[in-house]
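What follows is one structure encoded as structure tokens, with my remarks underneath.
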Amino acid sequence: EAADLVPAGSPLWHQIFDQEKLPAAFTVDLHTGKSFQLSRMSKKIRSISGNNTILSFSLGISNLLNNTNVIVRGSEQLRYDFAYINPNKFPNNYQYGYGINYYLNISLKF
């Protein structure tokens with residue numbers, strides 16, 4: 001019904017029905033890790049848990065440049081102003097990426 005009120009192919013029709021292209025963006029991430037086979041380092045550990053005891057560390061930092069202007073998700077409200085044919089009455093919703101994130105993971109496998 002909304003399409004019937006606006007001439008097809010007009011600038012207003014394109015403003016209402018065309019999908020919006022979001023700007024390109026990037027983040028810089030840094031991840032590293034290290035594992036140690038503890039059973040090689042200690043006879044006591046080898047006698048308790050066998051030959052496969054491994055201690056692992058991993059560290060990650062996401063969005064190292066703290067770029068909070070990255071649109072990671074967007075949605076249209078799928079509502080329309082029939083009375084005034086105003087495409088800006090119900091604007092699109094955007095969700096932006098977090099700033100810098102980090103984690104440290106320590107695991108023990110035996």
Does Leu64 sit in a hydrophobic cluster with other residues, and if so which ones, taking ILVMFWY side chains as linked at heavy-atom separations under 4.5 Å, directly or through other members? Phe26, Val28, Ile61, Leu65, Ile100, Tyr102

One should read off an interatomic distance between Leu59 CG and Ile106 CD1, to the nearest 0.5 angstrom, of 10.0 Å

Asn92 side chain to Gly74 backbone, donor-acceptor under 3.5 Å: no

Treat each ILVMFWY residue as a node, draw an edge where side-chain heavy atoms are under 4.5 Å apart, and state whether Tyr98 and Tyr103 are in one component. no

Tell me, do Ser62 and His31 make a side-chain contact under 4.5 Å, heavy atoms counted? yes

List the atom of Asp18, the atom of Glu76, and the distance in Å for their closest heavy-atom pair. O-OE2, 4.5 Å

Quick check for you: to the nearest 0.5 Å, what is the distance between Asn86 atom CG and Gln15 atom CD? 8.5 Å

Rounded distance (nearest 0.5 Å) linking atom CD of Gln19 with atom NE2 of His14: 14.5 Å

Quickly, which of Asn52, Leu108, Ile54 forms a side chain to side chain contact (heavy atoms under 4.5 Å, CB included) with Leu38? Name it, please. Leu108

Leu22: hydrophobic cluster co-members (side-chain, 4.5 Å): Ile71, Tyr94, Tyr96

